[in-house]
Every structure is written in C-alpha cells, then in structure tokens.
Peer 1: 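After the structure tokens below, expect a handful of questions from me.
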Amino acid sequence: MLNPVAGPFPWLALLIGLGLLGGTRTLRRRLRALPSPADPPTDDRPLDAWTCVSAIGVRPDESTIRAAVAHAEQHRLLLLDLVPGDLPTDELLTLLARLDPDRIRRDPLARGRGAGHALLVHEDVLRRAAVPAAELIDLDSPDLIRLIARLRPFAARATGHAVAPGLPATRPDPTLRKRRLRATGVPVWPTLIGNLGEAAAYAGAGVTTPFWGALVFLAMWVQPFAVVVGRSPVHPRDLGRATGLRPVLAGWRWVRAVSGPRPGRAGPVMDPAALRPEYARSVANGLGAFFEDRRETCPWCGSTRLAVRSRIGDHLQGKPGRFTLERCRDCAHVFQNPRLSLAGLEYYYRDFYDGLGGPGAEALFGTMSRTYRGRAELLRRHLPADATPRAWLDVGTGHAHMCVVARTVLPDTVFDGLDLGDGVEEAERRGWIRTAYRGQFPDLADDLAGGYDVVGMNHYLEHTRDPFAELDAAAKVLVPGGRLLIELPDPQCWYGRLLRGLWLPLFQPQHQHLMPWRNLEAALNARGFTVVAREHGRAHQGNDFTGAVSQALTALAPNPAMPWVAGGPTPLRRARRVALVTLSVPCLVVTVLLDAVGTLLARVAGERGASNAYRLLARKDPG
C-alpha cells in the first residue's frame with residue numbers, strides 16, 4: 001500500500017504552511033482589535049464640530065453617526081474610520097493586511113488606511129489640513145481611502161478605526177480594485193506579479209510533495225473562514241461564497257486587475273515633464289557654478305595630509321555631477337572636496353525632500369518610529385530622577401517625525417522644530433511641533449539663546465557647511481545643564497570600506513562632513529560640554545546592502561521620467577530600467593537578509609565598527 005506522506009521532506013509546503021499560520025493569526029488578532037461603538041447616547045448633543053464623509057452609495061444614519069461621535073469623544077479621537085459590519089471578505093482581508101489597530105493607537109506614524117466607506121472628521125483636522133468642503137463630496141471608495149491618509153498626519157495621535165454594525169457595505173466593484181490597492185498603499189504591479197509567484201509556490205509544493213501540497217492549498221482555501229470564525233466584530237455577507245470559491249474568485253480578480261484601466265496617480269502630484277525645462281536651464285552653462293574651489297587643508301584639524309576616499313556620482317536621484325570625498329590622514333575626518341556651493345545645494349536638494357521626492361521621503365521617515373523612540377529613550381535614561389525637559393529644539397527636523405514620536409516617551413516636553421524647508425511649517429500645522437523656525441541655525445541662535453533644555457541634531461550635522469558653527473549655536477541655545485543629542489553616520493564602519501562608493505551613508509552629494517566620534521567628542525569638550533552617553537548598536541540604521549543595490553540601480557539606470565535625466569524617457573531607456581529593476585529583485589532578497597544579520601551584529605560589535613551610525617548625548621556644563 002502506498003504511503004501518501006512518503007517522499008522528500010516537504011520544505012516548500014512547510015514554509016508556506018508556517019506563513020499561512022502566522023498570517024492568519026495576525027489577521028485574526030487585528031480583526032478582533034477593532035472596537036464597535038456602543039449604542040448612541042440618548043441626549044441630543046450637538047454634532048456641529050464633526051463632519052461625516054461617506055463614499056458614493058453609502059448613507060450612514062443618524063444613529064450610526066451619533067454612536068461614532070460618542071466613541072470618538074470618549075477615546076479623544078479626531079479622525080475615525082467606520083468599518084461596515086458586513087464588509088466583503090476580500091476588502092476585509094486587504095484592510096487587515098495594511099491596518100494594525102493596536103499599533104495605530106500607540107505609534108503616531110503607523111499607516112492607517114481605511115475601509116473606504118465612511119469617515120468621521122473633527123472640524124479642527126479639516127481646518128489645519130486646509131481641505132475645502134468641495135473635496136469632501138462625490139468620493140468613491142479609493143478617494144475616501146486616500147482622504148484618511150491625507151488627514152492622518154493632522155490627527156497622528158488621535159486616529160482610530162471602529163466597526164459600525166449598522167453601516168451597510170456597498171457592493172464590491174472589480175473595476176476599482178487597482179485603485180483601491182493603490183490608495184491602500186499596496187504597489188499594484190509588484191503585488192500582481194507576487195500573486196503569480198505565490199501561485200507558482202503552491203504549484204511547486206503540489207508537484208514535489210502532493211499530499212502536503214494539497215494540505216497547504218486547502219489551508220489557503222479556507223483562510224477567510226479561519227480569520228472570521230468565532231467572536232468577530234465583522235461578519236462579511238459573502239463569507240461562504242468567498243471561502244468556497246476562493247481560488248476561482250482570486251483568479252478572476254487577478255485577470256480583472258491586469259486587464260482593467262491603469263489606476264493613475266494617487267492624489268495630486270507634480271508632473272515631472274513640466275519641470276524638465278527648468279532643470280535644463282539650471283545646467284545649461286555646465287556644473288561649474290555648483291562647486292566651490294578645492295581646499296588644501298582639512299576643515300576639522302587643518303592638516304594638509306589629505307587622500308581621496310571616493311569619487312562617485314549622484315546615486316540618490318541620478319542627477320548629473322561627480323563628487324569627491326577626501327579623508328584626512330591625521331584626524332580621519334571625511335569631507336566633500338570641493339564642496340557644493342549654495343547654488344549646488346539648491347540644485348541637488350531640489351525635489352528630494354519635497355516636490356517630486358516629497359511622498360517618498362515622507363513614507364521613508366514614517367517607517368523609523370523605533371529609531372525616533374530610541375533617541376528619546378537615551379535622553380530619558382540619563383536624566384535625573386523625575387526630571388522632564390521643559391522644551392526641546394529639533395534642528396533639521398524636516399516634517400518633525402522624530403518630535404511626534406518622542407512625545408510618546410516625553411509627553412510633558414514641548415517640541416519646536418527648525419529647518420530650511422517648508423516641511424517645518426507643515427509640521428506646525430499638523431500639531432507635531434509647537435513652533436516652527438525656518439532658516440539657518442547659526443543665524444537664529446541669538447534669538448533662541450537660553451531657551452531650551454534639549455537640542456537635537458539627528459542626521460543633520462553631516463549636511464551642514466560648517467559643523468563648528470552649528471555646535472556653537474547649540475551651546476548658545478541651551479541652558480546650563482541642558483542636553484545636546486547628536487546622531488551621525490560613522491565613517492569608521494566596516495561596511496563603508498566593503499561597499500566603497502555604494503555605501504549609503506556617504507549620501508552624496510548631500511553629506512558634506514563625516515566625522516569619527518572621537519573628533520566630535522573633542523569638539524564638544526572644547527565648547528563646554530561633557531559627553532554623558534554614547535551609543536553605536538542602537539543607532540545602527542541598517543540598509544547598508546539594500547541601499548547599495550538601490551544606488552547601483554540608480555547609477556546604471558536612473559529613472560528616465562525624472563526631469564533632470566537628459567533626453568527624457570525613451571522606449572529603450574524604459575526597457576533598460578524595467579530589466580534592471582527585475583534583475584535587482586533577487587539581489588534585494590539576499591541583501592534584506594544580509595542587513596538583518598548586520599543589525600544583529602551591530603548590537604554586539606557596534607563600537608568596533610559594525611554600526612553605521614552613532615549617538616552622543618552631551619551635557620552643557622555650568623559657567
């Protein structure tokens with residue numbers, strides 16, 4: 001008699017099964033973390049401060065709205081997404097894959113997209129976000145999902161999701177699937193290609209070990225039922241059909257998504273082609289005006305013993321130009337030589353943190369909550385018992401992502417931000433900082449003198465033209481006994497020597513100085529500071545190897561649609577870009593694993609060169 005389980009060990013089926021088990025448990029936990037508003041209050045409290053925005057075809061009744069308002073006010077929410085109690089199965093699983101209700105409550109940067117049916121918004125959020133009333137009508141489901149993503153920063157610590165049992169879901173529209181995925185933050189084509197890879201994995205498991213392959217296929221088949229069964233706040237009306245026909249429906253949705261219209265861009269964005277003439281004018285006379293004269297001495301110690309460390313191009317955006325980093329043989333300071341002029345800084349920073357690059361930068365900074373929290377916790381660990389900083393100035397704050405997370409660690413501290421870009425003013429409108437200062441730190445230091453207990457310079461000093469002037473400004477702004485927190489790339493990291501010009505922390509052409517921690521400690525001591533703590537492993541940023549692949553891709557095939565790429569997008573350039581992106585996928589899989597190992601190594605050998613960054617916490621001495 002044949003043994004159905006005989007044969008090779010079912011490695012592929014085992015991996016798929018473990019992934020299914022873990023994914024199902026995660027989805028069940030997230031589903032049960034969704035609260036349901038209690039019955040509406042019996043009093044006729046006014047609802048003037050609230051606006052209920054609903055998608056086309058959705059009509060929340062007054063009872064549902066009053067219950068939602070009561071729930072929002074009870075939990076101090078300003079933005080509440082309402083999930084229909086009978087949300088279709090496919091939409092429910094897509095929502096849960098991108099939404100963690102527990103994390104939304106504790107992490108102000110957690111991504112919180114909605115179910116795309118109804119949204120309760122406080123008037124304060126609409127006012128600060130400057131959303132006109134005309135933009136709140138005639139919205140379809142993807143539009144509403146994008147709206148909550150747009151409003152979420154203005155209610156970063158006051159956003160919630162709740163199930164509204166009396167809110168009926170609309171009938172699923174397959175033609176909106178691609179737009180819903182895009183609005184939810186799911187990359188459409190990589191997801192569709194990934195679906196093919198997933199199907200191939202199931203097929204491979206079935207071919208190599210038919211019995212175990214059939215088991216994991218059956219587990220995938222019944223997963224929707226396994227997620228919802230039991231005490232669930234949502235009861236999809238199509239659960240039986242969606243579970244019983246899951247393989248067929250999944251294939252049909254995939255075909256419809258592939259053959260459907262392109263989803264277009266998510267929200268209002270700039271057209272790269274419209275910026276092409278402006279970029280062409282910027283380089284019409286060459287790149288000479290973007291650089292100053294080369295210097296013969298080290299800007300840190302004055303030594304003339306210099307050596308070229310790297311000569312690289314712009315691997316961040318693919319803009320034209322070559323940049324030289326030199327290293328001082330005496331103090332090991334690494335600096336850009338010749339350095340960028342003010343015109344060069346304007347050109348190479350343009351469309352990186354704002355404009356075309358704004359959404360990408362915002363998304364990247366939104367993934368770093370653990371890093372931001374670690375900085376605040378370092379300060380808290382080295383404060384006297386029961387001491388709380390009164391005011392913190394975050395220099396180079398950008399949109400103040402660090403500040404809004406640090407407030408979860410130091411809730412009684414007031415945060416202000418300083419930066420050159422308009423992001424700092426946006427941060428003030430969001431409520432992430434109390435006051436926005438826009439300009440150069442040394443120029444504003446006299447007006448801010450003695451006003452802060454803490455000054456933060458996190459991945460800022462390496463961007464500046466004169467680090468000594470920045471440290472002098474910090475000393476002027478801090479009160480005696482105040483703390484200065486600095487985080488920087490570590491030029492003595494092993495990976496810098498291994499990856500050379502593709503090492504991400506070189507960050508050319510933006511980084512003008514890379515200073516070893518001993519140099520920085522000496523500079524702080526000379527300005528009346530005492531270093532009280534230094535961290536390496538906890539400051540490690542990761543992404544050394546993944547960043548190297550990404551930079552190599554930009555170097556070999558910059559995005560031809562970008563307005564600074566001479567000649568613009570041609571079919572050949574697009575094909576080259578697509579081919580290299582495809583080839584980079586296996587490399588990225590490997591580098592993600594290497595970076596994970598590197599992060600573990602940094603924790604045990606960070607001080608010996610395994611960390612690509614370090615933090616210093618210094619106290620301004622009295623007198």
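Computed from a predicted model, the values in this text were never measured in an experiment.
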Peer 1: Could you tell me which residues satisfy ring pair (Phe, Tyr, Trp, His ring centres under 6.0 Å) with Phe365, sequence neighbours excluded, listed by chain and number?
Peer 2: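 Expected list: His401.
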
Peer 1: Given side chain to side chain contact (heavy atoms under 4.5 Å, CB included), test Leu99 with Arg30 step by step and report yes or no.
Peer 2: CA-CA 8 Å; Leu99 170 66; Arg30 292 180 177 181; 5.9 Å; no

Peer 1: How about CZ on Arg25, more than 12 heavy atoms from neighbouring residues, nucleotides or ligands closer than 6.0 Å, or not?
Peer 2: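 No, not enclosed.
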
Peer 1: Strictly by modelled atom types, are Tyr452 and Asp416 linked by a side-chain donor-acceptor pair under 3.5 Å?
Peer 2: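 There is such a pair between these side chains.
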
Peer 1: Salt bridge (charged side-chain N to carboxylate O under 4.0 Å, His left out): which pairs involve residues 356-378, sequence neighbours left out?
Peer 2: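 As it turns out, the salt bridge (charged side-chain N to carboxylate O under 4.0 Å, His left out) pairs with a partner in residues 356-378, which skip direct neighbours, are Glu362-Arg430, Arg375-Glu487.
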
Peer 1: Surrounding CZ of Phe352 (heavy atoms of other residues, nucleotides or ligands, distance under 6.0 Å), is the total greater than 12?
Peer 2: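 Check passes, neighbour count above 12.
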
Peer 1: Would you please name every residue forming a side-chain contact (heavy atoms from CB on, under 4.5 Å) with Pro37, sequence neighbours left out?
Peer 2: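 In terms of side-chain contact (heavy atoms from CB on, under 4.5 Å), with neighbours along the sequence ignored, Pro37 is linked to Ala67, His71, Ala162.
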
Peer 1: Salt bridge or not for Arg29 and Asp102, using N-O below 4.0 Å?
Peer 2: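 Here Arg29 pairs with Asp102 in a salt bridge, since their nearest N and O are under 4.0 Å apart.
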
Peer 1: Write out all pairs satisfying salt bridge (charged side-chain N to carboxylate O under 4.0 Å, His left out) with one or both partners inside residues 222-232, taking only residues at least two apart or from two chains.
Peer 2: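 For residues 222-232: none.
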
Peer 1: Please list, chain by chain and in numerical order, all residues satisfying side-chain hydrogen bond (donor to acceptor under 3.5 Å, both in side chains) with Gln440, sequence neighbours excluded.
Peer 2: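 Counting only residues at least two positions away or on another chain, Gln440 forms no side-chain hydrogen bond (donor to acceptor under 3.5 Å, both in side chains).
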
Peer 1: Sequence neighbours left out, what pairs pass ring pair (Phe, Tyr, Trp, His ring centres under 6.0 Å) with at least one residue falling in residues 92-150?
Peer 2: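 Checked against ring pair (Phe, Tyr, Trp, His ring centres under 6.0 Å) - neighbours excluded - the pairs reaching residues 92-150 are Trp50-His122.
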
Peer 1: Can you tell me if Tyr279 and Asp351 form a side-chain donor-acceptor pair at under 3.5 Å?
Peer 2: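 Asp351 and Tyr279 do have a side-chain donor-acceptor pair below 3.5 Å.
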
Peer 1: Regarding Asn543 and Thr546, is there a side-chain donor-to-acceptor distance under 3.5 Å anywhere?
Peer 2: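 Absent: no donor and acceptor within the cut-off.
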
Peer 1: Does either side chain, that of Ser369 or that of Asp107, offer a donor lying less than 3.5 Å from an acceptor on the other one?
Peer 2: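 There is such a pair between these side chains.
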
Peer 1: Arg246: which residues meet the side-chain contact (heavy atoms from CB on, under 4.5 Å) condition with it, sequence neighbours left out?
Peer 2: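 Per chain and number, Arg246 pairs via side-chain contact (heavy atoms from CB on, under 4.5 Å) with Leu93, Met220, Trp221, Gln223, Pro224.
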
Peer 1: Side-chain polar contacts of residues 234-243 - donor-acceptor pairs under 3.5 angstrom, sequence neighbours left out - could you list them?
Peer 2:
| from | atom 1 | to | atom 2 | distance (Å) |
| --- | --- | --- | --- | --- |
| His235 | NE2 | Ser232 | O | 2.9 |
| Arg237 | NH1 | Asp86 | OD2 | 2.8 |
| Arg237 | NH1 | Ala169 | O | 3.3 |
| Arg237 | NH2 | Ala169 | O | 3.3 |
| Arg237 | NH2 | Thr170 | O | 3.3 |
| Asp238 | OD1 | Thr89 | N | 3.0 |
| Asp238 | OD1 | Thr89 | OG1 | 2.9 |
| Thr243 | OG1 | Leu239 | O | 2.9 |

Peer 1: According to ring pair (Phe, Tyr, Trp, His ring centres under 6.0 Å), who are the partners of His382, at least two apart in sequence or on a separate chain?
Peer 2: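 Ring pair (Phe, Tyr, Trp, His ring centres under 6.0 Å) check on His382 returns nothing, list empty.
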
Peer 1: The test is salt bridge (Lys or Arg N to Asp or Glu O under 4.0 Å); show your working for Glu425 and Arg429 and say whether it passes.
Peer 2: CA-CA 6 Å; Glu425 295 170 343; Arg429 290 191 295 273; 5.0 Å; no

Peer 1: Without placing hydrogens or testing angles, list every side-chain donor-acceptor pair under 3.5 Å for residues 406-414, not counting sequence neighbours.
Peer 2:
| from | atom 1 | to | atom 2 | distance (Å) |
| --- | --- | --- | --- | --- |
| Arg407 | NH1 | Gly431 | O | 3.0 |
| Thr408 | OG1 | Val405 | O | 2.5 |
| Thr413 | OG1 | Pro389 | O | 2.8 |

Peer 1: Give every donor-acceptor pair under 3.5 Å between a side-chain atom in residues 136-143 and any protein atom, sequence neighbours left out.
Peer 2:
| from | atom 1 | to | atom 2 | distance (Å) |
| --- | --- | --- | --- | --- |
| Asp140 | OD1 | Asp143 | N | 3.0 |
| Asp140 | OD1 | Arg179 | NH2 | 3.3 |
| Asp140 | OD2 | Arg179 | NH1 | 2.6 |
| Asp140 | OD2 | Arg179 | NH2 | 3.3 |
| Ser141 | OG | Gly116 | O | 3.2 |
| Ser141 | OG | Arg180 | NH1 | 2.2 |
| Asp143 | OD1 | Arg146 | NH2 | 2.5 |
| Asp143 | OD1 | Arg179 | NH2 | 3.1 |
| Asp143 | OD2 | Asp140 | N | 3.3 |

Peer 1: Write out all pairs satisfying side-chain hydrogen bond (donor to acceptor under 3.5 Å, both in side chains) with one or both partners inside residues 384-393, taking only residues at least two apart or from two chains.
Peer 2: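 Sorted result for residues 384-393: empty, none.
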
Peer 1: Assess the residue pair Leu78 and Val121 against the criterion (side chain to side chain contact (heavy atoms under 4.5 Å, CB included)); give the C-alpha distance rounded to whole Å, side-chain angles, the decisive distance to 0.1 Å, and a yes or no.
Peer 2: CA-CA 6 Å; Leu78 299 175; Val121 192; over 6 Å; no

Peer 1: Do the non-hydrogen side-chain atoms of Arg66 and Leu47 ever get within less than 4.5 Å of each other?
Peer 2: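 Side chain of Arg66 against side chain of Leu47, heavy atoms only: contact under 4.5 Å found.
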
